[in-house]
Amino acid sequence: MLKHEAINGIKNIFAKTFGESGNIIVSRAPGRVNLIGEHTDYNDGFVFPMALDFQILVAARKNDSETVRIYSSDFDQTVEFSLKQPIQYDQEKRWSNYLRGVLVMLQEKGVKLCGMDIAFQGNIPQGSGLSSSAALEVATVVMAQKLLGFKIEKPELVKLCQRAENKFVGMNCGIMDQFISMMGEQGHALFLDCRSLDYKLVPLELGDCRIIICQSGVKHTLVDSEYNKRRQECEQGLAILARHFPAIKALRDAKMEQLEALKSEFNPVVYRRCKHVITEDDRVLASMNALSRGDLKSFGQFMNASHDSLRDDYEVSCPEIDLLVRLAREVRGVLGSRITGGGFGGCTVSLIEAKAEAEFSEHIRKNYQTTTGIIPQIYISTAASGAAIIA
Ligand code: GLA
């Protein structure tokens, strides 16, 4: 959608809900696809996501009261709460917790809130692993900053959004999604060191290749409980490694040789979880290298290896996603294909030669539907820019 159409769209929704008067501001924040580096962020490791054209738009205005009113256009629901009491978790309209969480974290930072009306809308498919939640948090914090005028640097805002999700929503996610949604840049993917938060915007020079996202239609509902379980397993593995090698402060510091040396002390599941994380960090670094040489073929192979490791060692894939990946790899001109995001459904990301596009879509559409009964959504995606105030 063109920018001005999007702005008019959300402003109209806002005006219909809360009236026309006064100055309405609009923020936007994108979803993301992760190209490689999965389940490494909360192990202090490396990730390589890019922001998508899919986005959340948030329109807002102060309302001279001590009440916050929020309208979700996608759910067609409104919530309202007073700032005179502590902001509570909402068991029913759970979508509102992402905004509530951000406002709570701002209060904890000492930001004085005021009454405001907020309307938002998004086109990031929900439950698809493309980070609609992070985009909503980031769009909210960017809107709040403009409306309230506080000074907090972007990396701090990113961490604040992550805290909102960890502490208020209760999903123990890492920092990747919020980071790319805030810091992404058009035409670039972002290499992030999740320990130091040093990052590099890398021009995505794909020549005749394209990045394609396939949505499995399987909502990743298990993601909260299984995700938190994976984190615990990583911590168990880290505890063993750190006992023998005190320099290891996170799985990012561990090498395969060290893991192998201690294999007999590991429960096999925890061993495999650690193996995934250690090898995935190596793959991210190797694929950055490949990209800098313009070697997309190797990049694709690292994507494939990443998927296989997520499927076999980290066990966060599912039959539908494995099918999408298998079908993709059957098409000549596909350089690599893997699951992206938290897992248990959601989307795959594939790197393919542009000339293979038509065959790719046809092959996937036909065979995926025959086996699963689900029509897959297929998107070609370019790297979009990160969050901003757009009106
Ligand atoms: C989810 C989390 C991220 C990251 C990925 C897996 O998207 O929100 O922090 O851990 O899963 O790479």
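Order of appearance sets the numbers: ligands from 1, and atoms from 1 within every ligand. The structure displayed is predicted, hence computed values, not measured ones. Note: hydrogens, waters and symmetry copies are ignored here, and every other heavy atom, side chains too, is used.
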- Message: Is it the case that ligand 1 has an N or O less than 3.5 angstrom from some N or O of Met171?
- Response: no
- Item | Member of Val334, Ile352, Leu351, Leu204 meeting the side-chain contact (heavy atoms from CB on, under 4.5 Å) criterion with Cys209 | Leu351
- Message: For Tyr227 and Tyr42, I'd like to know if the aromatic rings sit close, meaning centre-to-centre distance below 6.0 Å.
- Response: yes
- Report the nearest protein non-hydrogen atom to atom 5 (C) of ligand 1: residue, atom name, distance rounded to 0.1 Å. Met176 CE, 3.8 Å
- Could an N or O of ligand 1 be found under 3.5 Å from any N or O of Arg32, whether backbone or side chain? yes
- Note on the structure: Counting from 1 in the order shown, the ligand 1 atoms closer than 4.0 Å to a non-hydrogen atom of Gly342 are 1 (C), 7 (O), 11 (O)
- Message: Check this for me - ligand 1, Tyr42, N or O atoms closer than 3.5 angstrom, yes or no?
- Response: no
- Among Lys112, Gln107, Met116, side-chain contact (heavy atoms from CB on, under 4.5 Å) partner for Leu83: Gln107
- Query: Please state which protein non-hydrogen atom is closest to atom 3 (C) of ligand 1 and give its distance, to 0.1 Å?
  - Reply: Asp41 OD2, 3.3 Å
- Task: Would you name the heavy atoms of Leu52 and Ile213 that are closest together and state the gap between them?
- Result: CD2-CD1, 3.7 Å
- Note on the structure: Per-atom filter on ligand 1: closer than 4.0 angstrom to a heavy atom of Gly174 are 9 (O)
- Note on the structure: Here the atoms of ligand 1 under 4.0 Å from any heavy atom belonging to Asp177 are 1 (C), 2 (C), 3 (C), 7 (O), 8 (O)
- Message: Does ligand 1 come near enough to Tyr227 that some N or O of the ligand is less than 3.5 Å from an N or O of the residue?
- Response: yes
- Message: When you compare ligand 1 with Thr40, is there at least one nitrogen or oxygen pair between them that comes in under 3.5 angstrom?
- Response: no
- Only one of His363, Arg365, Gln369 forms a side chain to side chain donor-acceptor pair (under 3.5 Å) with Asn367, so which one is it? His363
